[in-house]
Amino acid sequence: MDQDKFTNIYRLPNAFQVRIGQWQKTLKGTSDIVLHQALQARNQYFRQSKNMFPAGWSVALFDEKDISITQHGKYIQTAMRTMLDRKVSYKRVYLSRVPLEQALPALVKYKQEWLSKHNRVARKYNQIKKKEFMRYALEEQETIYPSIPKGEFDKALWNRLVISEVGPAKKFDNPYFVKKAVF
């Protein structure tokens with residue numbers, strides 16, 4: 001890890017600047033004391049903001065208003081992620097089997113059930129990852145040495161949370177773990 005790279009902290013010619021999204025704070029001076037103050041300011045900001053996460057340390061929640069269903073001639077589909085491993089996938093309903101008037105509301109209901117389960121697991125995942133991030137951030141503050149690793153998706157943690165929150169994969173007949181909304 002580079003000696004001088006701290007997450008969200010930038011060294012200016014005569015100051016340190018903390019930049020997180022739209023928020024920023026500049027602390028004049030280049031000593032270790034000023035760097036310590038910048039680390040404190042960054043950690044305080046992350047501690048106070050509930051939905052602010054550093055890049056790569058969280059999973060985005062989906063909004064029920066943003067359900068997108070597209071029609072492709074012989075079928076309608078929506079993009080989803082599998083519950084285990086979060087792989088991008090598509091749920092399709094072929095119009096030769098189900099008329100559009102029945103397929104559209106059923107697919108919306110299917111996606112809504114998936115959204116609620118996904119968001120429940122994502123909230124828990126984000127909570128755990130934020131605690132992990134804050135442990136690294138406090139270590140940085142104490143040692144004044146960069147120790148926050150690059151944020152990456154933790155597939156093993158996600159899969160454990162899916163099984164504990166929603167249930168084992170054997171319980172479901174689809175990779176999206178949707179049981180109630182069926183075609």
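By the side-chain contact (heavy atoms from CB on, under 4.5 Å) test, K171 is found to be paired with P168, K179, residues two or more places apart in sequence or in another chain being considered. When the ring-ring contact (aromatic ring centres under 6.0 Å, His included) test is applied to F62, the partners found at least two apart in sequence or on another chain are W114, H118. For S58, the side-chain hydrogen bond (donor to acceptor under 3.5 Å, both in side chains) criterion is met by no residue, not counting sequence neighbours. Residues satisfying the side-chain hydrogen bond (donor to acceptor under 3.5 Å, both in side chains) criterion with T70, sequence neighbours excluded, are H72. F53 is linked by a ring-ring contact (aromatic ring centres under 6.0 Å, His included) to nothing, counting only residues two or more places apart in sequence or in another chain. Partners of K117 under the side-chain hydrogen bond (donor to acceptor under 3.5 Å, both in side chains) rule, at least two apart in sequence or in another chain, are E113. With sequence neighbours left out, the side-chain contact (heavy atoms from CB on, under 4.5 Å) criterion links R19 to Y10, L12, Q17, Q24. In this structure, the side-chain contact (heavy atoms from CB on, under 4.5 Å) partners of L138, at least two apart in sequence or on a different chain, are N43, R47, Q141. The side-chain hydrogen bond (donor to acceptor under 3.5 Å, both in side chains) test applied to S49 returns no partner, not counting sequence neighbours. Residues meeting the side-chain contact (heavy atoms from CB on, under 4.5 Å) test with E132, sequence neighbours left out: W57, K129, R135, Y136. When the salt bridge (charged side-chain N to carboxylate O under 4.0 Å, His left out) test is applied to R120, the partners found at least two apart in sequence or on another chain are E165.
D154 places a side-chain N or O within donor-acceptor distance of the main-chain N or O of L157, the cut-off being under 3.5 Å. The backbone N or O of K155 sits nowhere less than 3.5 Å from a side-chain atom of D85 that would complete a donor-acceptor pair. Listed for the T82 side chain is a donor-acceptor partner under 3.5 Å among the backbone atoms of K87. For the pair Y45 (side chain) and W23 (backbone), a donor-acceptor distance under 3.5 Å is absent.
For the pair R86 and F153, the distance from NZ or CZ to the six-membered ring centre is under 6.0 Å and the angle to the ring normal is within 45 degrees.
Under the 4.5 Å side-chain criterion, counting only non-hydrogen atoms from C-beta, E140 is in contact with P146. L100 has its side chain within reach of Q71: a pair of non-hydrogen atoms, C-beta onward, lies under 4.5 Å apart. In this structure the side chain of F16 never reaches within 4.5 angstrom of the side chain of F6, judged on heavy atoms. Put simply, the side chain of R42 reaches to within 4.5 Å of the side chain of T7, judged on heavy atoms.
In the hydrophobic cluster analysis, where Ile, Leu, Val, Met, Phe, Trp and Tyr join through side-chain heavy atoms closer than 4.5 angstrom, I9 is grouped together with M134. Hydrophobic clustering, with ILVMFWY side chains joined whenever heavy atoms are under 4.5 angstrom apart, groups F172 together with V162. No continuous path of ILVMFWY side-chain contacts below 4.5 Å connects L115 to L61, so the two sit in separate hydrophobic clusters.
Aromatic ring orientation, F46 versus F133: perpendicular (interplanar angle above 60°, classes split at 30° and 60°).
Applying the ring pair (Phe, Tyr, Trp, His ring centres under 6.0 Å) test to every pair with at least one member in residues 76-105, sequence neighbours left out, gives these pairs: Y75-Y94.
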Should Q77 and V93 be marked as a side-chain contact (heavy atoms from CB on, under 4.5 Å) after you check the CA-CA gap, both sets of side-chain angles, and the distance that decides it? CA-CA 6 Å; Q77 76 176 13; V93 179; over 6 Å; no
Decide yes or no on side-chain contact (heavy atoms from CB on, under 4.5 Å) for M83 and V121, but give the supporting numbers first. CA-CA 9 Å; M83 285 303 270; V121 175; 4.2 Å; yes
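Judged by distance alone, the side chains of T78 and K111 do bring a donor and an acceptor atom under 3.5 Å apart.
Counting non-hydrogen atoms of other residues, nucleotides and ligands closer than 6.0 Å to CG of D63 gives a total above 12.
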